[in-house]
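Since the structure comes first, as structure tokens, the remarks are kept for the end.
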Amino acid sequence: MTAKEAIALHLSSIGIDYEIWEPAHPTSADAPQEEILAAYSREIDKLKARGGYVTADVINVTAQTPGLDAMLAKFSREHLHDEDEVRFIVHGHGVFHVHPQNSPVVAIEVEAGDLIRVPRGTWHWFDLCSDRQIRAIRLFQDPAGWTPVYSNSGEETKFEPVCFGPAFAPSR
């Protein structure tokens with residue numbers, strides 16, 4: 001079993017879906033949203049059917065994104081949603097911290113090719129890695145998107161947003 005397979009198995013045991021997709025449709029780093037959505041339309045349609053998602057978009061965050069710190073302040077506080085949070089990473093990387101009920105917090109570094117689904121009602125937060133860039137396809141069950149409900153627990157202050165990269169995962 002590879003390290004990524006072991007990670008997926010552990011995450012599955014706490015209710016988090018994690019898959020590794022080969023970027024079968026490489027797009028340029030500056031490709032417009034429409035090109036990315038078209039390139040992955042077959043995969044998006046399968047996810048929509050599987051999870052009841054009705055819309056998809058592409059979020060593109062870089063160090064030059066206007067209002068980046070305010071945006072990150074929303075993502076980096078422990079919160080939950082009343083719908084799933086689904087992300088397929090196209091470019092860049094970041095770290096999800098997930099705090100499942102009756103389990104300790106788990107940090108999941110995501111990178112290009114990773115698909116993660118944090119189920120509705122699961123406490124979590126997200127941080128960018130030090131290069132401060134990520135591009136991801138997002139899927140929503142409500143066309144208006146989701147609204148975060150913050151725990152105000154301060155749990156996120158106990159963890160550093162550290163990214164190690166794929167070399168850190170031990171091989172078996």
Side-chain angles (χ1 to χ4, degrees), residues 4 7-8 11 15-98 106-150 156 161-166:
K4 288 260 187 172
I7 291 166
L11 292 174
I16 307 301
D17 291 338
Y18 175 77
E19 299 175 19
I20 301 98
W21 290 0
E22 286 296 319
H25 317 289
T27 55
S28 66
D30 60 348
Q33 170 175 288
E34 297 76 21
E35 182 180 324
I36 293 169
L37 293 175
Y40 287 95
S41 63
R42 189 170 5 160
E43 291 87 347
I44 291 168
D45 288 345
K46 285 180 188 176
L47 286 170
K48 283 180 174 179
R50 188 166 87 190
Y53 309 109
V54 296
T55 189
D57 71 7
V58 175
I59 186 168
N60 186 36
V61 179
T62 70
Q64 292 75 40
T65 298
L68 178 61
D69 291 331
M71 177 192 303
L72 294 178
K74 293 178 188 174
F75 299 157
S76 64
R77 291 176 45 214
E78 186 178 55
H79 62 278
L80 57 74
H81 312 285
D82 62 358
E83 70 172 71
D84 299 345
E85 183 161 336
V86 181
R87 302 290 180 268
F88 172 65
I89 311 306
V90 177
H91 177 73
H93 55 285
V95 76
F96 275 92
H97 284 88
V98 179
V106 175
I108 309 151
E109 186 172 344
V110 292
E111 62 186 3
D114 289 349
L115 172 72
I116 187 168
R117 183 188 68 85
V118 179
R120 74 180 68 218
T122 303
W123 295 109
H124 67 282
W125 65 95
F126 177 80
D127 291 292
L128 288 176
C129 293
S130 60
D131 62 358
R132 298 179 73 149
Q133 61 179 338
I134 195 162
R135 191 166 223 200
I137 297 171
R138 308 184 299 177
L139 287 99
F140 299 97
Q141 292 157 321
D142 180 337
W146 48 255
T147 302
V149 176
Y150 295 102
E156 68 279 0
V162 177
C163 299
F164 294 102

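- Under the side chain to side chain donor-acceptor pair (under 3.5 Å) criterion, D142 pairs with no residue, sequence neighbours left out.
- Taking 4.5 Å as the limit, some side-chain heavy atom of D114 sits within range of a side-chain heavy atom of I20.
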(message) The test is side chain to side chain contact (heavy atoms under 4.5 Å, CB included); show your working for V90 and T27 and say whether it passes.
(response) CA-CA 8 Å; V90 177; T27 55; 4.0 Å; yes
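- If you check the side chains of E85 and H124, you find a donor sitting under 3.5 Å from an acceptor.
- At least one side-chain heavy atom of L139 sits less than 4.5 Å from a side-chain heavy atom of K48.
- Considering NE2 of H81 and OG1 of T122, their distance stands at 9.5 Å, rounded to 0.5 Å.
- The side chain to side chain donor-acceptor pair (under 3.5 Å) test applied to D17 returns R117, not counting sequence neighbours.
- Side chain to side chain, K4 and Y18 meet the donor-acceptor criterion of an N or O pair below 3.5 Å.
- Taken to the nearest 0.5 Å, the CD1 atom of I108 stands 4.5 Å off from the CG atom of L11.
- Minimum heavy-atom separation, P119 to G15: CG-O, 3.0 Å.
- No side-chain heavy atom of N60 sits under 4.5 Å from any side-chain heavy atom of H91.
- Distance check, rounded to the nearest 0.5 Å: CD1 of I137 to OG of S41 gives 9.5 Å.
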(request) For the pair L72 and R132, evaluate side chain to side chain contact (heavy atoms under 4.5 Å, CB included) and give the outcome as yes or no after the intermediate values. (result) CA-CA 10 Å; L72 294 178; R132 298 179 73 149; 3.5 Å; yes
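- In this structure, the side chains of I89 and L115 stay at 4.5 Å or more apart for every pair of heavy atoms.
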(request) In sequence, state the C-alpha distance, the side-chain angles, and the governing distance for W125 and E78, and then conclude on side chain to side chain contact (heavy atoms under 4.5 Å, CB included). (result) CA-CA 5 Å; W125 65 95; E78 186 178 55; 3.8 Å; yes
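- A side-chain contact (heavy atoms from CB on, under 4.5 Å) with H93 is found for one member of I134, D131, V110 and no other, namely D131.
- For the pair R87 and F96, the minimum side-chain heavy-atom distance is below 4.5 Å.
- Among residues at least two apart or in separate chains, disulfide (SG to SG under 2.5 Å) pairs with a member in residues 108-149 are C129-C163.
- One finds the CZ atom of R138 at 12.5 Å from the CD1 atom of I44 (value rounded to the nearest 0.5 Å).
- A 4.5 Å side-chain heavy-atom check between R135 and V58 finds at least one atom pair inside the cut-off.
- Going from atom CG of D69 over to atom OG of S76 covers 9.5 Å, rounded to the nearest 0.5 Å.
- To the nearest 0.5 Å, the span separating OG1 on T62 from CG on D30 amounts to 12.0 Å.
- Residues L128 and P161 fail the side-chain proximity criterion, which asks for heavy atoms closer than 4.5 Å.
- For the pair I16 and I116, the tightest heavy-atom approach, listed with the atom from each and the gap, is CG2-CG1, 3.9 Å.
- The aromatic ring centres of Y40 and F88 sit less than 6.0 Å apart.
- Ring geometry, F75 versus F126: the interplanar angle exceeds 60°, so the pair is classed perpendicular (tilted spans 30 to 60°).
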(message) For a side chain to side chain contact (heavy atoms under 4.5 Å, CB included) check, start with the C-alpha distance between M71 and V61, then their side-chain angles and the critical distance, and finish with the verdict.
(response) CA-CA 10 Å; M71 177 192 303; V61 179; 3.9 Å; yes
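- Q141 and R120 are linked by a side-chain donor-acceptor pair at a separation below 3.5 angstrom, with hydrogens and angles left out of the test.
- Looking at T55 and D57, their side chains never come closer than 4.5 Å, going by heavy atoms from C-beta outward.
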